[in-house]
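Let me begin by presenting the structure, written as structure tokens, before commenting on it.
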Amino acid sequence: MPIIAATQDAIRRAGEAVARGDIVAFPTETVYGLGANALDAHAIAKIFAAKARPRFNPLIVHVLGLEEAQGYAVVNATAQKLAGAFWPGPLSLVLPRRAPSAIPDLVSAGLDTIALRAPQHPVARALLAAAKVPIAAPSANRAGRISPTSAAHVEAELGDRPAMILDGGPCPLGLESTVVGVTGDEVILLRTGALPRERIEAILGRRLAKAKPDGRIASPGQLKSHYAPSTPLRLNAKAPRAGEALLAFGPDAPEFDGPMINLSPRGDLAEAAVNFFAALRSLDAAGAHAIAVMPIPDHGLGEAINDRLRRAAAAADAEPPLAAGAHS
Ligand code: TXA
Ligand code: MG
């Protein structure tokens with residue numbers, strides 16, 4: 001069994017494993033990551049194989065902080081302001097790659113940009129310190145599936161493909177990092193996530209631009225279908241139907257005899273975010289015809305939850321096997 005409690009000794013061994021080119025799953029404050037030495041193309045290739053990705057998708061490189069990030073990317077004043085406000089934490093910055101760079105092209109799928117993030121989780125930070133290399137890590141799920149927020153989820157997704165799964169308990173935020181692209185003065189929201197848009201806009205003093213499909217920075221991992229449960233989702237349901245499971249939110253959830261999880265009975269979006277992926281996973285296993293999902297307010301963390309719900313609901317739509325981009 002590759003799950004191992006994230007003791008100091010286990011983290012030290014995981015760091016050695018990463019440094020010698022193995023892949024290791026580890027907790028971050030957002031979701032569990034599947035990490036490899038970002039300087040080692042062979043190690044990176046193991047990530048894509050383990051996730052069974054139909055195509056290479058650019059990865060987020062995890063570093064300890066701004067100074068380390070500056071070794072791999074050009075961090076302009078706007079990007080520095082965002083890193084200063086939110087690192088360590090759930091913000092990934094897509095920045096121009098330094099050329100030449102110690103990071104192989106495979107990490108950013110041949111793009112001239114690179115995504116960087118300084119995680120806050122103590123286990124992730126201790127692993128980075130032990131490995132002494134930047135760690136490229138996608139979410140530790142199979143391609144297109146629900147992101148893992150516990151070590152058990154990782155094992156259910158990837159079995160013994162990771163050399164180790166460091167167990168640091170459930171992820172404190174529960175949604176992936178918010179991804180923004182910075183070019184010059186322009187800041188583009190590429191993926192909603194655990195850092196609400198409003199907090200970034202407060203620091204910038206203006207609204208965030210949305211990614212355009214043909215924009216200079218695109219986010220290739222942003223496919224319509226993602227986070228796919230096997231059970232169909234019925235969004236904005238007022239009440240569950242017979243044979244359905246219910247994903248509820250808030251104090252006004254209906255009484256229901258069937259499988260039901262309330263993401264936050266008191267209607268708190270942060271609590272809902274923490275519970276979201278585990279709830280989706282558990283209702284998916286309940287054997288229902290469909291999962292009815294109550295409406296979730298579309299502000300703050302609700303924006304990211306609704307984004308994941310739409311992608312999960314789109315999973316049933318047919319998608320060509322080699323769509324432009326790949327699930328992440
Ligand atoms: O919270 C997180 O971000 C987690 C933890 C492990 O850090 N990681 C994660 O990675 O969610 P992944 O691979 O599942 O999603 C990375 C996202 C994808 O949407 C990808 O397209 C985007 O970041 N991305 C990465 N590099 C990029 C680049 N150079 N340009 C545009 N988008 C990029
Ligand atoms: Mg992912």
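Indexing begins at 1, ligand by ligand and atom by atom, following the structure's order. It should be emphasised that the depicted structure is a prediction, and the values quoted were computed from it without experimental measurement. The analysis underlying the following values was restricted to heavy atoms, covering all of them including side chains, and did not include hydrogens, waters or symmetry mates.
For Y32, no nitrogen or oxygen atom sits less than 3.5 Å from a nitrogen or oxygen atom of ligand 1, counting backbone and side chain alike. Taking only nitrogen or oxygen atoms, main chain and side chain alike, S177 reaches within less than 3.5 Å of ligand 1. The shortest N/O to N/O separation between R191 and ligand 1 falls below 3.5 Å. On a distance-only criterion, K51 and ligand 1 share no N/O pair closer than 3.5 Å. On a distance-only criterion, H62 and ligand 1 share at least one N/O pair closer than 3.5 Å.
Annotation for ligand 1: atoms under 4.0 Å from non-hydrogen atoms of A115 are 25 (C), 26 (N), 27 (C). Taking every heavy atom of L111 and a limit of under 4.0 angstrom, the matching atoms of ligand 1 come to 28 (C), 29 (N), 30 (N). Ligand-side atoms of ligand 1 in range of S139: 8 (N), 9 (C), 10 (O), 12 (P), 14 (O), range being under 4.0 angstrom from any heavy atom. Less than 4.0 angstrom separates some heavy atom of G33 from each of these atoms of ligand 1: 6 (C). Against a heavy-atom cut-off of under 4.0 Å, A137 is close to the following atoms of ligand 1: 6 (C), 8 (N), 10 (O). In the vicinity of T113, heavy-atom distances shorter than 4.0 Å reach the ligand 1 atoms 28 (C), 29 (N), 30 (N). Within ligand 1, the atoms closer than 4.0 Å to a non-hydrogen atom of E176 are 1 (O), 2 (C), 11 (O), numbered from 1 in the order shown. Residue-ligand proximity, V31 to ligand 1, at heavy-atom distances under 4.0 Å covers atoms 4 (C).
Distances from atom 25 (C) of ligand 1 to the heavy atoms of P58, G181, C171 put P58 nearest.
Taking every heavy atom of both residues into account, V107 and A38 meet most closely at CG2-O, 3.7 Å.
In summary, the side chains of T178 and R199 do not present any donor paired with an acceptor at a separation below 3.5 Å, with no hydrogens or angles considered.
With a cut-off of 2.8 Å, the Mg ion (ligand 2) has an N, O or S atom of S139 in range.
Cluster annotation: V75 is connected to V180 through the hydrophobic network of ILVMFWY side chains, with a link wherever side-chain heavy atoms come within less than 4.5 Å.
Between E157 and R145 there is a salt bridge, since a side-chain N of the basic residue sits under 4.0 Å from a carboxylate O of the acidic one. The residues R281 and D284 are annotated as not salt-bridged, no charged nitrogen and carboxylate oxygen being separated by less than 4.0 angstrom. Residues D105 and R97 are paired through a salt bridge, judged by an N-O separation under 4.0 Å between the basic side chain and the carboxylate.
Across R125, R117, E68, a single residue satisfies side-chain contact (heavy atoms from CB on, under 4.5 Å) together with H62, and that is R117. Paired with I165 under the rule side-chain contact (heavy atoms from CB on, under 4.5 Å), one option of L34, V154, I4 passes, and it is V154.
When the shell of 6.0 Å around CG of D298 is examined, it contains more than 12 heavy atoms from other residues, nucleotides or ligands.
Side-chain N or O atoms of K51 include one that pairs as donor or acceptor with a backbone N or O of S139 at under 3.5 Å.
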